[in-house]
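Keep in mind that what you see is a predicted model, and the values were worked out from it rather than measured. Numbers restart at 1 for each chain; the letters A, B, ... are given by sequence-line order, proteins then strands.
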Amino acid sequence: MRNAEIADAFNDLATLYELDGAVRYRVLAYREAARVIRQSPVAVADLAREGRATELPGIGKTLAEKILALVESGEIPAMAKLLGRYPRSLIEVTRVPGIGAKRARLLFDELGVSSLAELREAAVAERIRGVRGLGPKVEDNVLAALDRLGAEGPTGRLLLAEVLPVATELATALRDHPASQEVEIAGSARRRTETCKDIDLIATASDPGALAHALAEHPLIAVAGHAGEAGARSTTHNGVKVDLRIVPPDAYGNLLQHFTGSAEHNVQLRERAVAMGLSVSEHGIADVASGKVERHRVEADVYGRLGLTYIEHELREGTGEIAAAAAGELPDLVTIDDIRGDLHSHTTLSDGKATLDEMAAAARERGYSYLAITDHSASHGFGNHVTADALARRIEEVRGWNEGAPRGFRLLAGSEVNILPDGSLDYPDELLAELDWVIASVHTAFRTGRAEMTERVLAAIEHPLVDCIGHLTGRLIGRREPYEVDVERVAAAAVRTGTMVEINGNPNRRDLSERNARLAAGAGVRICVNTDAHQVRTLGNMVYGIATARRAWLRAAQVANTRSWRGLERLRPRNLS
DNA sequence: GCCGTTTTCGGCCCGACTGTTTTCAGTCG
């Protein structure tokens with residue numbers, strides 16, 4: 001059982017307890033446990049079986065027993081009991097914006113509402129206003145929220161690649177405005193999460209009203225809401241909500257820190273502050289004893305006041321960064337400027353849009369010193385069918401290109417070879433041996449199950465001519481679940497054989513995920529950050545690969561393609577042993 | 001339900017907003 005499934009069960013259980021009127025902190029304990037389980041880099045099911053679940057922070061004896069029960073029997077007795085009292089569909093009702101557990105329970109008791117459909121019926125029939133404490137406004141909000149849920153689909157979140165360029169363009173435009181002083185993207189876009197709900201901008205200004213209107217009038221904005229001294233709310237043409245907050249300069253650091261989040265990071269920060277006799281809010285840091293409030297113009301001073309080194313925004317997820325900052329042990333994160341080359345790209349030979357020449361020129365323009373051309377292999381099934389002969393000709397073509405190439409840049413003859421269901425590769429070894437660089441990836445038969453998939457990938461890792469494993473879990477964010485593979489075993493084998501593992505920078509993939517990348521790199525796996533570009537433009541997806549690498553706490557030394565090609569070659573499996 | 005730089009009991013993050021209330025509970029980020 002996956003961590004995400006266990007976490008979902010505990011979140012549901014938390015909601016059921018909340019519906020049942022349990023004390024708030026008990027509910028909180030279940031939610032915190034769900035969060036910790038979801039973020040755990042190791043399989044919590046295994047920990048529970050080994051009796052080690054209590055090693056996780058926030059998991060005590062009771063919760064450990066419940067995890068074990070869930071893993072071994074598929075259900076938690078306490079949950080089954082509560083589900084006898086409240087239908088499962090009532091959990092959905094608590095997720096409607098504006099309706100929490102208290103109101104859901106009230107509507108369940110008073111009106112018999114137990115599902116989203118019944119909630120809608122009750123609102124339409126104007127029966128909600130008959131419940132004490134609720135009124136007609138709640139009915140309006142419920143209907144609007146239900147319509148929104150329907151329209152936005154299950155999550156309503158957008159990929160970072162859909163949000164960050166818009167946020168960057170708006171921030172740039174505001175910075176160029178004469179009334180602006182400081183402008184920064186905040187929220188999840190600043191943390192470079194995989195998906196974002198909206199865009200938060202924080203600014204200081206000499207003329208706040210003018211800056212707010214500048215946003216409202218920007219060409220990207222389709223619907224301008226209220227714009228005033230405090231900021232503006234708008235929606236872009238592609239449906240992204242933009243919230244600009246204009247704040248006083250003396251508390252800019254406090255506000256930027258607060259609105260960058262994450263929620264978990266802020267909670268942990270405030271807990272630390274309380275232990276120091278301080279109280280943190282977006283308005284400043286108060287000394288509880290004296291009541292005196294200090295404001296901070298820059299974020300570094302907020303962290304400094306709490307005895308912490310500056311925490312890079314990508315790390316602010318409540319996954320250990322506060323303890324590390326307190327100990328002065330935060331890693332010096334890899335940056336995009338550290339990247340010397342891209343080791344995964346496609347051309348028109350398989351399914352890419354650009355020629356070898358075009359991709360090479362674009363890579364040079366990016367300042368790289370190498371680019372691996374890794375078209376799909378023979379059995380791929382879509383794009384062109386790159387036969388062994390075609391690949392042999394391509395190898396000659398690359399060698400010829402390099403002879404006439406300018407100094408300081410070279411193309412690498414490579415391939416993205418399919419890992420077939422039995423773990424074998426679909427080119428003969430003699431041909432692979434001719435290549436400079438071999439990525440092995442799974443593209444077919446995803447649903448073979450965890451054990452089989454793990455063996456399949458391990459076989460490729462053991463192959464002496466495989467340099468790197470591509471997009472390990474095959475996930476497409478929001479569209480396709482990762483396929484099941486034992487990342488710990490993969491990592492252990494990769495360390496032993498010297499095989500590298502990719503962080504694929506395609507914003508739909510970002511695979512390894514930050515959690516898996518942190519786990520793998522922590523085990524000693526050498527990571528490659530690649531784009532898998534299929535055209536010139538998507539070579540720019542390196543920013544998303546680097547975002548994941550940074551969120552995985554990676555230093556430059558852990559990323560193979562921060563080295564020169566000569567330096568990288570020395571790390572390869574075919575040069576080991 | 002968890003946990004210990006005050007603690008094995010008694011705490012457990014902060015503030016804004018909304019809608020319903022006549023002083024506040026619920027919800028949200």
Side-chain angles (χ1 to χ4, degrees), chain A residues 10 13-37 53-67 76 78 93-107 128-142 144-145 156-157 186-188 191 193 196-200 202 226 230-231 233 241 243 245 247 251 254-255 257-286 288-289 293 302 306-307 316 318 322-323 326:
Chain A
F10 275 77
L13 187 51
T15 303
L16 288 166
Y17 273 127
E18 205 175 5
L19 285 165
D20 203 43
V23 292
R24 195 159 69 93
Y25 294 107
R26 192 183 188 191
V27 175
L28 227 59
Y30 278 89
R31 293 216 190 282
E32 174 64 9
R35 193 184 73 81
V36 167
I37 291 165
T54 53
E55 289 174 18
L56 294 167
I59 309 286
K61 193 161 158 286
T62 308
L63 286 177
E65 281 170 12
K66 289 188 156 99
I67 295 172
I76 304 168
V93 174
T94 68
R95 296 187 183 135
V96 174
I99 303 292
K102 296 271 168 55
R103 284 180 180 169
R105 173 67 189 277
L106 193 61
L107 292 166
I128 291 178
R129 66 186 63 184
V131 178
R132 180 173 168 77
L134 305 178
K137 203 78 178 150
V138 175
E139 287 168 353
D140 293 346
N141 291 343
V142 159
R157 293 183 73 88
S188 53
R191 300 199 312 280
T193 53
C196 303
K197 192 163 64 78
D198 51 21
I199 295 172
D200 285 307
I202 305 289
H226 176 75
R233 289 192 170 189
K241 290 195 169 50
D243 198 349
R245 285 186 182 77
V247 306
N254 303 99
L255 280 142
Q257 192 287 317
H258 176 83
F259 285 108
T260 298
S262 66
E264 288 81 10
H265 175 81
N266 285 352
V267 164
Q268 292 179 18
L269 204 65
R270 292 188 202 119
E271 283 171 352
R272 175 181 176 83
V274 168
M276 297 170 73
L278 301 171
S279 174
V280 172
S281 81
E282 60 265 52
H283 306 299
I285 300 179
V288 174
V293 178
V302 176
L306 298 170
R316 301 182 194 172
I322 290 175

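Atom name P, nucleotides B:dT21 and B:dG26: the rounded distance is 13 Å, in whole Å. A gap of 35 Å separates the P atoms of B:dT8 and B:dA16, to the nearest Å. Taking atom P in both B:dT20 and B:dT27, one finds a spacing of 13 Å when rounded to whole Å. Annotation: B:dG29 and B:dT22 have their C1' atoms spaced 28 Å apart (nearest Å). Nucleotides B:dT7 and B:dC2 have their C1' atoms positioned 13 Å apart, rounded to a whole Å. Nucleotides B:dT6 and B:dC14 are separated by 16 Å at their P atoms, to the nearest Å. Annotation: B:dG19 and B:dC13 have their C1' atoms spaced 25 Å apart (nearest Å). Rounded to the nearest Å, the gap between the P atom of B:dT5 and that of B:dC12 is 16 Å.
A:Leu107 has its side chain within reach of A:Leu134: a pair of non-hydrogen atoms, C-beta onward, lies under 4.5 Å apart. Within the 4.5 Å cutoff, the side chain of A:Gln257 has heavy atoms near those of the A:Leu269 side chain.
Annotation: of the two residues near DNA chain B, A:Leu134 and A:Val23, the 5′-most nearest-nucleotide partner is A:Val23. Nucleotides of DNA chain B nearest to A:Glu271 and A:Ile99 differ in position, and the one nearer the 5' end is that of A:Glu271.
Within 4.0 Å of A:Val280, counting heavy atoms only, lie sugar-phosphate atoms of the nucleic acid but no base atom. Residue A:Glu282 is classed as a sugar-phosphate contact, given heavy-atom separations below 4.0 Å to backbone atoms only. In this structure, A:Tyr30 reaches the sugar-phosphate backbone alone: every heavy-atom distance under 4.0 Å involves primed, P, OP1 or OP2 atoms, never a base. Residue A:Asn266 is classed as having no contact, given no heavy-atom separation below 4.0 Å to the nucleic acid. No contact: A:Val288 has no heavy atom under 4.0 Å from any strand. Within 4.0 Å (heavy atoms only), A:Val274 reaches sugar-phosphate atoms of the nucleic acid but no base atom.
Each of B:dT20, B:dT18, B:dG15 was ranked by its minimum atom distance to the side chain of A:Ser281; first place goes to B:dG15. Comparing B:dT27, B:dA16, B:dG19 by their closest approach to the side chain of A:His283 singles out B:dA16. The side chain of A:Arg270 sits closest to B:dC13 out of B:dC13, B:dT18, B:dC2. Closest to the side chain of A:Lys197, out of B:dG29, B:dC28, B:dC14, is B:dG29.
Between the OH atom of A:Tyr25 and the P atom of B:dC12 there is a distance of 6 Å, rounded to whole Å. Between the C1' atom of B:dT21 and the NZ atom of A:Lys137 lies a distance of 16 Å, rounded to the nearest Å. In this structure, A:Leu255 atom CG and B:dG15 atom P are separated by 13 Å, rounded to whole Å. As rounded to whole Å, 18 Å separates atom P of B:dG1 from atom CG of A:Leu56. Nucleotide B:dG29 holds its P atom 19 Å from the NE2 atom of A:His265, rounded to whole Å. Separating the CG atom of A:Leu28 from the P atom of B:dG10 is a distance of 20 Å, rounded to the nearest angstrom. Taking atom CZ on A:Arg132 and atom C1' on B:dG19, their separation rounds to 14 Å, with Å as the unit. Computed from coordinates, the A:Arg316 CZ to B:dC13 P distance equals 21 Å when rounded to whole Å.
Defined by atom type and a distance below 3.5 Å, a donor-acceptor pair is missing between the side-chain atoms of A:Ser281 and A:Arg270.
Classification of A:Glu18 and A:Arg31 as a salt-bridged pair holds, one side-chain N sitting under 4.0 Å from a carboxylate O.
An OP1 or OP2 oxygen of B:dG1 is reached within less than 4.0 angstrom by a side-chain nitrogen or oxygen of A:Arg26. The phosphate of B:dC2 has OP1 or OP2 within less than 4.0 Å of a side-chain N or O from A:Thr62.
The one candidate from A:Arg191, A:Lys241, A:Arg245, A:Arg233 that meets the salt bridge (charged side-chain N to carboxylate O under 4.0 Å, His left out) condition with A:Asp200 is A:Arg245.
In this structure, CG in A:Leu16 is found 10.0 Å from CD1 in A:Ile76, a value given to the nearest 0.5 Å.
In this structure B:dA25 sits in a base pair with B:dT18, meeting the Watson-Crick or G-U test at under 3.5 Å.
The aromatic rings of A:Tyr30 and A:Phe10 sit parallel to each other, their planes meeting at less than 30°, with 60° as the upper class boundary.
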